[in-house]
Amino acid sequence: MRNYALALVGALAARASAECTLDVLMTATNDLFTAQTAGNTQAASFADTIKYMENRKTTDITKGILSQALKIDHNRSQHDVTQCAAFSEFIVTNSAKPYVIATQMRLDNTTYKVSQIDTILTTKGDWLFNVTGTMYWASREKWDEIPADKRDSRAVIQAAADAYCDIFNDKNVKVPWGSPCARLEGGSYTGKGQASDRCDVGIPSGVKLINRQYVIDEAYGTVDIQMDFGGAGGLPDSHEFRIEGGKIRYVHTLSSCGGKSCM
Ligand SMILES: *[C@@H]1O[C@H](CO)[C@@H](O)[C@H](O)[C@H]1NC(C)=O
Ligand SMILES: *[C@@H]1O[C@H](CO)[C@@H](O)[C@H](O)[C@H]1NC(C)=O
Ligand SMILES: *[C@@H]1O[C@H](CO)[C@@H](O)[C@H](O)[C@H]1NC(C)=O
């Protein structure tokens, strides 16, 4: 009985000393960056076995994009302590092999090692792919940290992004459009980098955006949603949103055509 009690105290102490923190997540996103730059699929913060999906299909991590050494020209990472998850956007402008990559990572809640990686990967031939445009606009936008007293709650951030995703199938949905608002869709921009920029343009109807998977960072007002664009079997898709004061400021979309004709 006594030994059992001691063992229990020991186990609780071990649990309390390890927790998901911003530091743990930032170490993981740094490791992801280093791994992608080196084409190395192992890192100190990665679990031995990782559930790895590329464009929403289970993929052998040693054969996926992470196994290719890439020179990353632009990176941005966001951190979701509540879910113990992280998001990274990488732009690779290499003209022979250009990529725009959106990656979600999830950490195991006991070991705090990366146990799941979901990547949406786009290159030449994918929806509106133009890495020059992506790099040009992404590097001009401001996705800085939001002062603590101006931050939206996770619920507000997610609701704004969900409303945007829902209007593709239901025109009655009220979307909290920001003004200005700009959408970087593949490499094409709905705005001009001006105060008059709008996002409520070119929205189709009857398109379902389903199986949504979120990474939310309240400090930056961001949420990434990976989903199937166009119902079951639709395009593997990432929509990354920046919300300011409850309204949509920026949207970055990546849709993989994966050999299907989607243009
Ligand atoms: C990632 O981008 C930031 C700028 O947003 C830059 O300061 C940093 O050096 C980049 N990371 C690496 C490892 O190049
Ligand atoms: C870890 O816990 C959080 C909070 O309950 C949860 O949202 C997340 O899905 C968990 N992660 C994994 C990999 O199970
Ligand atoms: C790609 O984007 C750049 C920068 O916005 C633009 O100058 C160029 O015309 C675009 N290319 C195509 C094929 O649309």
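Order of appearance sets the numbers: ligands from 1, and atoms from 1 within every ligand.
A cation-pi contact, defined as under 6.0 Å to the ring centre and within 45° of the axis, links Arg76 to Trp143.
At a cut-off of 3.5 Å, with distance as the only test, no side-chain donor of Gln78 or Asp80 sits close to an acceptor on the other residue. Side-chain contact, Asp224 with Gln104: a donor N or O sits under 3.5 Å from an acceptor N or O. Side-chain contact, Gln83 with Arg106: a donor N or O sits under 3.5 Å from an acceptor N or O. A donor and an acceptor atom, one from each side chain of Glu141 and Tyr189, are located under 3.5 Å apart. For the residue pair Asp23/Thr21, the side-chain donor-acceptor check at 3.5 Å is not satisfied.
Here the protein heavy atom with the shortest distance to atom 8 (C) of ligand 1 is Asn75 ND2, 3.9 Å. Ranking protein heavy atoms by distance to atom 4 (C) of ligand 3, first place goes to Gly133 CA, 3.8 Å. Protein heavy atom in closest approach to atom 12 (C) of ligand 1: Phe33 CZ, 3.3 Å. Of all protein heavy atoms, the one closest to atom 6 (C) of ligand 3 is Asn130 ND2, 4.2 Å.
Ligand-side atoms of ligand 2 in range of Leu107: 11 (N), 12 (C), 13 (C), range being under 4.0 angstrom from any heavy atom. Close contacts of ligand 2 with Thr82, meaning ligand atoms under 4.0 Å from a residue heavy atom, involve 3 (C), 4 (C).
Ring geometry for His239 against Phe229 counts as parallel: the plane angle stays under 30°, on a 0 to 90° scale with 60° as the upper cut.
Nearest to atom 9 (O) of ligand 2 by heavy-atom distance, out of Gln116, Gln213, Met105, Gln83, is Gln83.
By the definition of a contact as any protein heavy atom under 4.0 Å away, atom 14 (O) of ligand 3 is in contact.
Taking only nitrogen or oxygen atoms, main chain and side chain alike, Asn109 reaches within less than 3.5 Å of ligand 2.
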